[in-house]
Amino acid sequence: MIRVLLVDDQPLIRSGFRALLDLEDDIEVVAEAADGEEGLALVREHLPDVALIDIQMPVVDGIEATRRIAADPALAGVHVVILTNYGMDEYVLNALRAGAAGFLVKDIVPEDFLHAVRVAARGDALLAPSITRKLINRYVAQPLHTGVGAGLKELTNREREAVALVAQGLSNDQIADRMAISSLTAKTHINRAMTKLRARDRAQLVVLAYESGLVATRKVVFDDDNGVALPRRSARHLAT
């Protein structure tokens, strides 16, 4: 059973999401909150698998709530997914850096919303296709941030390759197929890279990969059904 906490200051939004979730046999909504402070208290009380948190709320906003959850070792099993009405802006980057596992726009279709909750519960990164597109386009258009990703030197070549594939939006199974290894080995490479780079989850790993220059795609196309970035030209997977 996937335990979900809803945190949004709009009752209509909460009731709509809850109505969808309550129809699923494998998902349980454990509590609702109308602001970030109440949400934090309920996260600590219920320890949900997924916390769906609005980005703009009174008292404590979604970014600060995410930061506090990510900083608390007792809440390591809580995966935060930010809910937003906005596209790509500083809110997205700040929330990912704070420790959010992903982003969803509120106009998402029900089927994709339910799939997103299950993906987040597994601990995988989750970004809506529109946000993924803008995130990658932003990083290929900007100069690299100096000093970012110094921990890349600690990665093995296989770990660097796995991180580059994560940044393209590939799942563990897809990465295993691309690298000709087992899914378990792919997951091991990714987990070790996250530990070395101090990335809380795959979403932060994606941001780090682009900020550090580990991945640099100049032209990308997108599959809007799953949000995967597909390079038209070969990505520079291994930084020199």
Does the side chain to side chain contact (heavy atoms under 4.5 Å, CB included) test come out yes or no for Asp61 and Gln56, once each step is laid out? CA-CA 5 Å; Asp61 65 25; Gln56 289 192 314; 5.8 Å; no
If you compare all heavy atoms of [X] against all heavy atoms of [Y], which two are closest, and at what distance to 0.1 Å?
{"X": "Val117", "Y": "Ile2", "value": "CG1-CG2, 4.2 Å"}
{"X": "Ile175", "Y": "Ala162", "value": "CD1-O, 4.1 Å"}
{"X": "Ala120", "Y": "Val81", "value": "CB-CG2, 3.6 Å"}
{"X": "Gly99", "Y": "Ala70", "value": "CA-CB, 4.1 Å"}
{"X": "Ile108", "Y": "Phe113", "value": "CD1-N, 3.5 Å"}
{"X": "Gly62", "Y": "Ile53", "value": "CA-CG2, 3.7 Å"}

Residues Lys196 and Glu154 bridged, charged N to O under 4.0 Å: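 Looking at Glu154 together with Lys196, the answer is no, because their closest N to O distance does not fall below 4.0 Å.
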Please check if any side-chain donor atom of Ser183 sits under 3.5 Å from a side-chain acceptor atom of Asp173, or the reverse.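 Distance-only check passes for Ser183 and Asp173.
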Check the surroundings of atom NZ in Lys106: do more than 12 heavy atoms from other residues, nucleotides or ligands lie under 6.0 Å from it?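 Yes, NZ of Lys106 has more than 12 neighbouring heavy atoms, counting only those of other groups under 6.0 Å.
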Would the number of heavy atoms belonging to other residues, nucleotides or ligands and lying under 6.0 Å from CD of Glu37 be above 12?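 No, the 6.0 Å shell around CD holds no more than 12 heavy atoms from other groups.
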For [Y], is there any backbone N or O sitting under 3.5 Å from a side-chain donor or acceptor partner on [X]?
{"X": "Arg68", "Y": "Leu40", "answer": "no"}
{"X": "Glu159", "Y": "Leu155", "answer": "no"}
{"X": "Arg14", "Y": "Asp8", "answer": "yes"}

Given side chain to side chain contact (heavy atoms under 4.5 Å, CB included), test Leu5 with Val78 step by step and report yes or no. CA-CA 10 Å; Leu5 172 69; Val78 179; over 6 Å; no
If you round to the nearest 0.5 Å, how far is [atom2] of [Y] from [atom1] of [X]?
{"X": "Asn191", "Y": "Thr195", "atom1": "CG", "atom2": "OG1", "result": "6.5 Å"}
{"X": "Asp22", "Y": "Phe17", "atom1": "CG", "atom2": "CZ", "result": "13.5 Å"}
{"X": "Ile181", "Y": "Glu161", "atom1": "CD1", "atom2": "CD", "result": "8.0 Å"}
{"X": "Met57", "Y": "Ile63", "atom1": "CE", "atom2": "CD1", "result": "10.0 Å"}
{"X": "Thr84", "Y": "Ile55", "atom1": "OG1", "atom2": "CD1", "result": "5.0 Å"}
{"X": "Thr156", "Y": "Arg192", "atom1": "OG1", "atom2": "CZ", "result": "8.0 Å"}

Taking only residues two or more places apart in sequence, or in another chain, which ones meet Asp107 in a salt bridge (charged side-chain N to carboxylate O under 4.0 Å, His left out)?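 Here no residue qualifies.
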Would you please name every residue forming a salt bridge (charged side-chain N to carboxylate O under 4.0 Å, His left out) with Asp26, sequence neighbours left out?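 Applying salt bridge (charged side-chain N to carboxylate O under 4.0 Å, His left out) to Asp26 gives Arg118.
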In this structure, which one of Leu52, Thr66, Asp54 forms a side chain to side chain contact (heavy atoms under 4.5 Å, CB included) with Ile82?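 The option that passes is Thr66.
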Steps toward side chain to side chain contact (heavy atoms under 4.5 Å, CB included) verdict (Asp72, Val43): CA-CA 11 Å; Asp72 189 343; Val43 165; over 6 Å; no
Does one hydrophobic cluster hold both Met1 and Val30, with members joined at side-chain heavy-atom distances below 4.5 Å?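 No, no single cluster joins them.
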Worked check of side chain to side chain contact (heavy atoms under 4.5 Å, CB included) between Val60 and Asp35: CA-CA 6 Å; Val60 174; Asp35 61 66; 5.9 Å; no
Could you tell me if the side chain of Val166 sits less than 4.5 Å from the side chain of Asn172, heavy atoms only?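 Contact flag for Asn172/Val166 side chains = no.
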